[in-house]
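Just so you know, these numbers use all the heavy atoms, side chains as well, and skip hydrogens, waters and symmetry mates. Just so we're clear, the structure is a prediction, and the values are computed from it rather than from any experiment.
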Amino acid sequence: MVAGSLAENLYRDVVPVNGTPKQTPAPREEEETDKRSHTGTLERGLAVLEHVGLRQEISTNAIATQLGLSRSAIYRIVHTLKELEYLEADHVTGRVRLGPRLVELGVQAMASTDLHKAAPQYLAGLATRSGETIFLAVPDGDAMVYVAKDRGANAVTLHCQLGTRRPQHASSLGKAWLSALAPAERVERVTRMRLDRLTPNTIIDRTQLLDELDRSGKRGWAIDNVENEPDVACVAASIRDRTGQPVAAMSIAGPAGRVLARIDELGQLVADAAGTFSRRLGYLP
């Protein structure tokens, strides 16, 4: 769990270090009981959302166990959050993940940041120069989430909507972002993340992935060589903020044959655009 998170604090409140659940003191007044009940429900609901976000997909029983709360309480909270579309359940496994309403809120929150305000001019310029589809994505756990896009004159329709998540290990956006991290953090993330195979080209060996990330960092841009979906290839570069930390990545995506035939040209284009974007955010190389 993330230090200081709602989920962690809630777990400490319910199950202290000695493992003995704390006893909630009896309320002295009806008004105080009602206030505490509503506050507790809100905190538990937010803790559930935070916990699901960290795990990406998780069963309701696992949420109850890991947060130290009763299954009945968690089932009620999860049911309410699904009804409101803050959570959604996988139709096969039944595990829950963050829902479309949270994606909408996240995109709205991004609208108030310098990153999102500055994005249109850089995406539009890159779309004009490349002729392909341009994406901007931000990290969320072990995935990248699309938050903006633009289309060049030759762009084809790609099945990627804003809010779509792509695993970092199988996308140029994710590999660009990972390659910009400090080496120790990069290794730590790759060591713990799931490396699911999405296409025959997906890199699922950790050593091979780390080598690829090292090459991407030295080159200045990363490649998705048909690793995320069939017949689509991408190149991407990371965007840094004024502290030097990677906060996003932008990519050029299109038909694999077309993108791979121009790989060096497009790679340099996206690297140059990301560098200019980073300087706009205050990054000084």
Could you give the distance from [atom1] ([X]) to [atom2] ([Y]), rounded to the nearest 0.5 Å?
| X | Y | atom1 | atom2 | answer |
| --- | --- | --- | --- | --- |
| N61 | Y75 | CG | OH | 3.5 Å |
| L87 | L81 | CG | CG | 4.5 Å |
| N228 | R166 | CG | CZ | 5.0 Å |
| I74 | T60 | CD1 | OG1 | 8.5 Å |
| T202 | E229 | OG1 | CD | 11.0 Å |
| L178 | S171 | CG | OG | 8.0 Å |

* Distance-only side-chain donor-acceptor flag, Q268 / D272, under 3.5 Å -> yes

* Do D241 and T243 meet the criterion of a side-chain donor-acceptor pair at a distance under 3.5 Å? -> yes

Taking all heavy atoms of [X] and all of [Y], pick out the closest pair and write down the distance.
| X | Y | result |
| --- | --- | --- |
| I252 | L266 | CD1-O, 3.6 Å |
| K82 | A89 | CD-CB, 4.1 Å |
| A274 | I239 | CB-CG1, 4.1 Å |
| V190 | L213 | CG2-CD1, 3.8 Å |
| G220 | A237 | O-CB, 3.6 Å |

Is [X] reaching over with its side chain to a backbone N or O of [Y], donor-acceptor style, under 3.5 angstrom?
| X | Y | value |
| --- | --- | --- |
| T199 | N201 | yes |
| W177 | V138 | no |
| H169 | I204 | no |
| R44 | A47 | no |
| R206 | M193 | yes |

* Structure fact -> When R192, R165, R194, Q168 are each screened for side-chain hydrogen bond (donor to acceptor under 3.5 Å, both in side chains) with D142, the one that passes is R192

* May I have the step-by-step check of side-chain contact (heavy atoms from CB on, under 4.5 Å) for I58 and V96, ending in yes or no? => CA-CA 6 Å; I58 186 172; V96 294; 4.3 Å; yes

* To do: Name all pairs fulfilling the ring-ring contact (aromatic ring centres under 6.0 Å, His included) condition that reach into residues 248-280, sequence neighbours left out, sorted by first residue then second.
  => Y122-F277

* Asked: So, are K218 and D214 salt-bridged, with charged N and O less than 4.0 Å apart?
  -> yes

Please check if atom [atom1] in [X] has more than 12 non-hydrogen atoms from other residues, nucleotides or ligands closer than 6.0 Å.
| X | atom1 | answer |
| --- | --- | --- |
| R95 | CZ | no |
| R71 | CZ | no |
| D231 | CG | no |

* Path from Y283 to L136 over hydrophobic side-chain contacts below 4.5 Å -> no

Would you say that [X] contacts [Y] through its side chain, given a criterion of any heavy-atom pair below 4.5 Å between the two side chains?
| X | Y | value |
| --- | --- | --- |
| P167 | L198 | yes |
| L123 | M250 | yes |
| V226 | V232 | no |
| E88 | R97 | yes |
| V259 | C234 | no |
| I223 | S172 | no |
| D264 | W221 | yes |

* Which one of I203, L210, L209, D211 satisfies the side-chain contact (heavy atoms from CB on, under 4.5 Å) criterion with T207? -> D211

* To do: Kindly indicate, with the supporting measurements, whether the criterion side-chain contact (heavy atoms from CB on, under 4.5 Å) is fulfilled by D150 and L126.
  => CA-CA 9 Å; D150 206 328; L126 191 55; over 6 Å; no

* Residues E227, E212; criterion side-chain contact (heavy atoms from CB on, under 4.5 Å); working and verdict -> CA-CA 13 Å; E227 297 165 52; E212 175 69 12; 5.5 Å; no

* Assess whether salt bridge (charged side-chain N to carboxylate O under 4.0 Å, His left out) is satisfied between D224 and K175, documenting all intermediate values. => CA-CA 8 Å; D224 167 4; K175 288 192 284 186; 6.0 Å; no

